[in-house]
Asker: 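Sending over a structure as structure tokens; questions will come in a sec.
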Amino acid sequence: MPTYKLKINGVSKKIEATPDMPLLWALRDDLDMVGTKFGCGIGQCGACTVHIDGTAARSCLLQVSQLDGKEITTIEGLSPDGSHPVQQAWKEVDVPQCGYCQSGQIMTASAFLEKNPNPSREDIRSAMHGNICRCASYNRIENAVVKAAEKKMA
Ligand code: FES
Ligand code: FES
């Protein structure tokens, strides 16, 4: 099997994999980075969201052979100690219910706020729209993104 080098959270990792192995599989099964969740496996739920060069992307749809030279950030690398403004806002608003979707929500929100630091509530709803929450924590998610934006602007 070929070997691929992936740069994840600033660290270079080598894995042996078939070219079409999804990044999500590599993260969870080969590298034991299980903060990124498997929801649908077909790009429909957002549970597996990571950042690729700063942009939110679904790791279930990315193949390891496509990622040479890309900066991959997972929930484990968003901040060393959970102090990212989005993580802080999430705690203050007490967003999670079961928690399963939450790392994907946080990764989508954090990439979004880098691109749009002063969003309207409509912008937030539109940006977060593709991340499904079975527990319907959508109102708290929206409020937490508002709070995170305030923290980033402060
Ligand atoms: Fe990737 Fe659902 S697991 S979008
Ligand atoms: Fe349970 Fe979102 S908190 S799926």
Asker: What residues, two or more places apart in sequence or in another chain, satisfy side-chain contact (heavy atoms from CB on, under 4.5 Å) together with Asn118?
Answerer: Met153
Asker: Using the side-chain contact (heavy atoms from CB on, under 4.5 Å) criterion, which residues pair with Glu142? Sequence neighbours excluded.
Answerer: Arg121, Ile124, Arg125
Asker: Not counting sequence neighbours, list each pair that qualifies as a ring-ring contact (aromatic ring centres under 6.0 Å, His included) and has a residue in residues 108-132.
Answerer: none
Asker: Scan for salt bridge (charged side-chain N to carboxylate O under 4.0 Å, His left out) pairs involving residues 55-82, sequence neighbours excluded, and state none if there are none.
Answerer: Lys7-Glu71
Asker: According to salt bridge (charged side-chain N to carboxylate O under 4.0 Å, His left out), does anything in residues 84-111 pair up with another residue at least two apart or in another chain? List the pairs.
Answerer: Glu92-Lys147, Glu92-Lys151
Asker: Go through the structure and list residues passing side-chain contact (heavy atoms from CB on, under 4.5 Å) with Ser137, not counting sequence neighbours.
Answerer: Val95, Gln102, Cys133, Arg140, Ile141
Asker: Does anything in residues 109-118 form a salt bridge (charged side-chain N to carboxylate O under 4.0 Å, His left out)? List the pairs, not counting sequence neighbours.
Answerer: Glu114-Lys152
Asker: Could you identify which residues cluster with Val11, counting Ile, Leu, Val, Met, Phe, Trp and Tyr as linked when any side-chain heavy atoms lie under 4.5 Å apart, either directly or through a chain of such contacts?
Answerer: none
Asker: Got a sec, which hydrophobics cluster with Ile42, joining ILVMFWY side chains under 4.5 Å apart, including via others?
Answerer: none
Asker: Mind jotting down which residue pairs meet the salt bridge (charged side-chain N to carboxylate O under 4.0 Å, His left out) criterion with at least one end in residues 26-41? Sequence neighbours excluded, please.
Answerer: none
Asker: Cluster partners of Val64, using ILVMFWY side-chain heavy atoms under 4.5 angstrom, listed by chain and number?
Answerer: Tyr4, Leu6, Ile8, Ile15, Met21, Leu23, Leu24, Trp25, Leu27, Leu31, Met33, Phe38, Val50, Ile52, Leu62, Leu67, Ile72, Tyr100
Asker: Could I get the full list of side-chain contact (heavy atoms from CB on, under 4.5 Å) partners for Ser12, not counting sequence neighbours?
Answerer: Lys5
